2 protein chains.
Amino acid sequence: MKLINRDVDYAARALTFMARANKPTVSVAQMQEQVGVSGPFLRKIMQKLHKAGIVHAVKGKGGGFAMARNPDKVTLKQLMEVLQGPLRLNDCVFGEKICQRHAACVLRHKIAGIESRLLAEVAAVTIKDLA
Amino acid sequence: MKLINRDVDYAARALTFMARANKPTVSVAQMQEQVGVSGPFLRKIMQKLHKAGIVHAVKGKGGGFAMARNPDKVTLKQLMEVLQGPLRLNDCVFGEKICQRHAACVLRHKIAGIESRLLAEVAAVTIKDLA
DNA sequence: CAGAATGATACCCGCATGGTATCATTAACC
DNA sequence: GGTTAATGATACCATGCGGGTATCATTCTG
Ligand code: FES
Ligand code: FES
């Protein structure tokens, strides 16, 4: 089981790079070597971050990306939500509709507790912490 | 992201069923309806639990499975380890060999902390709790 | 207008997950 | 001893998805 996937991992590195760079904009070309991933792939990730409002983008020559908020306002949890969907550990293997046990299911209850504590932990990690 | 997969889910239900049944052995045929899964599939799971020493098995007519330990000695963590491998949240996306940053990587550090706390939580949930 | 950058999308591929089928083995019961 | 009911072992299949590439459109600078 992986807590984070590659998208999140690369995003975290790209953002820490940007946070340290302290330039108005950083292009994918400038980041890709440090981050260790191909250009097109990193672009796709950055585009998602852009749509989510975590970075803003400047098109055209001399353009690139820049953080839209302070590094201590971007959490690992946010990246996970944007790049791999909301964290739902306690997904019932059956659809909720089908499963009659859903409300009473003890296992699901236990896992829900674990999930909420885990969420608090990933929400506490910010880009600033990583940079 | 799923914390547990179907195997673990079904195993948990089958074991709680067995814990409540309080019979010398329980056959797959007796469990499959309650657990809500096809016979062959449940058998495969039970066989893994058997290899892992969590249940013991009695072959032949009138046979079946029984818990090898007390329900409060079987944890969710054990089931996860047996049925979906050890929990390693902080798997580096690169191989450890390749990745120079590995030792220093702050993200990996943070995740390692989260992982150890999560492990403690799943180790605290036992079949007895579910039954 | 040319070139450098992102935006949007479509496609591809390998593999883990989830599930089925088949045959072998063992034990109970008549 | 033969039949039947159970597990043991294994091989097979299928589908989704994570991870990655390719392509074209758009926008800005100079
Ligand atoms: S089985 Fe659906 S919630 Fe427990
Ligand atoms: S990138 Fe390999 S450990 Fe951080």
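Numbers restart at 1 for each chain; the letters A, B, ... are given by sequence-line order, proteins then strands. The basis for the numbers below is simple: all heavy atoms, side chains too, and nothing from hydrogens, waters or symmetry mates. Everything numeric here is computed off the predicted structure, so don't read it as measured data.
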Item to check | Pair B/Gln34, B/Arg20: side-chain N/O donor-acceptor within cut-off below 3.5 Å | outcome: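 Side chains of B/Gln34 and B/Arg20: no pair found under 3.5 Å.
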Whole angstrom value for the distance that separates [atom2] of [N] from [atom1] of [X]:
X       : N      : atom1 : atom2 : answer
B/Met46 : D/dT10 : CE    : C1'   : 19 Å
A/Asp9  : D/dG18 : CG    : C1'   : 14 Å
A/Ile45 : C/dT6  : CD1   : C1'   : 15 Å
A/Asn5  : C/dA16 : CG    : P     : 16 Å
A/Gln47 : D/dT21 : CD    : P     : 15 Å
A/Lys61 : D/dT26 : NZ    : C1'   : 17 Å
B/Lys51 : D/dT7  : NZ    : P     : 16 Å
A/Gln32 : D/dG20 : CD    : P     : 14 Å

Checklist entry - Which is true for A/Lys48 with a 4.0 Å heavy-atom rule: it touches a base, it touches only sugar-phosphate, or it touches nothing? => result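 No contact.
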Checklist entry - Donor-acceptor pair, A/Asn5 side chain versus A/Val8 backbone, under 3.5 Å? => result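 Yes.
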Checklist entry - Has the side chain of A/Gln84 got a donor or acceptor atom that lies under 3.5 Å from a matching backbone atom of A/Leu3? => result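 Such a contact is found between A/Gln84 side chain and A/Leu3 backbone.
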For [N], does OP1 or OP2 lie under 4.0 Å from any side-chain N or O of [X]?
X       : N      : answer
A/Lys2  : D/dC17 : no
A/His50 : C/dG7  : yes
A/Ser38 : D/dT21 : yes
A/Arg6  : D/dG18 : no
A/Lys59 : C/dA8  : no

Item to check | Check: B/Lys44 side chain, C/dG19 base, donor-acceptor under 3.5 Å | outcome: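 In this structure, the two groups form a donor-acceptor pair.
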Checklist entry - Has the side chain of A/Arg43 got a donor or acceptor that lies under 3.5 Å from a partner of the other kind on the base of C/dG7? => result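 In this structure, the two groups form a donor-acceptor pair.
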Checklist entry - Between B/Glu81 and B/Lys77, does at least one N-O distance fall below 4.0 Å, as a salt bridge requires? => result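 Salt bridge flag = yes for B/Lys77 with B/Glu81.
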Checklist entry - Side chains of A/Leu76 and B/Leu107: does their closest heavy-atom pair fall under 4.5 Å? => result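 Yes, at least one pair of side-chain atoms sits under 4.5 Å.
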Item to check | First of A/Pro40 and B/Gly64 reached from the 5' end of DNA chain D, by closest nucleotide | outcome: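 Final value for this comparison: B/Gly64.
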Item to check | A/Val58 or B/Phe41, whichever maps to the more 5' nucleotide of DNA chain C | outcome: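 Residue closer to the 5' terminus by nearest nucleotide: A/Val58.
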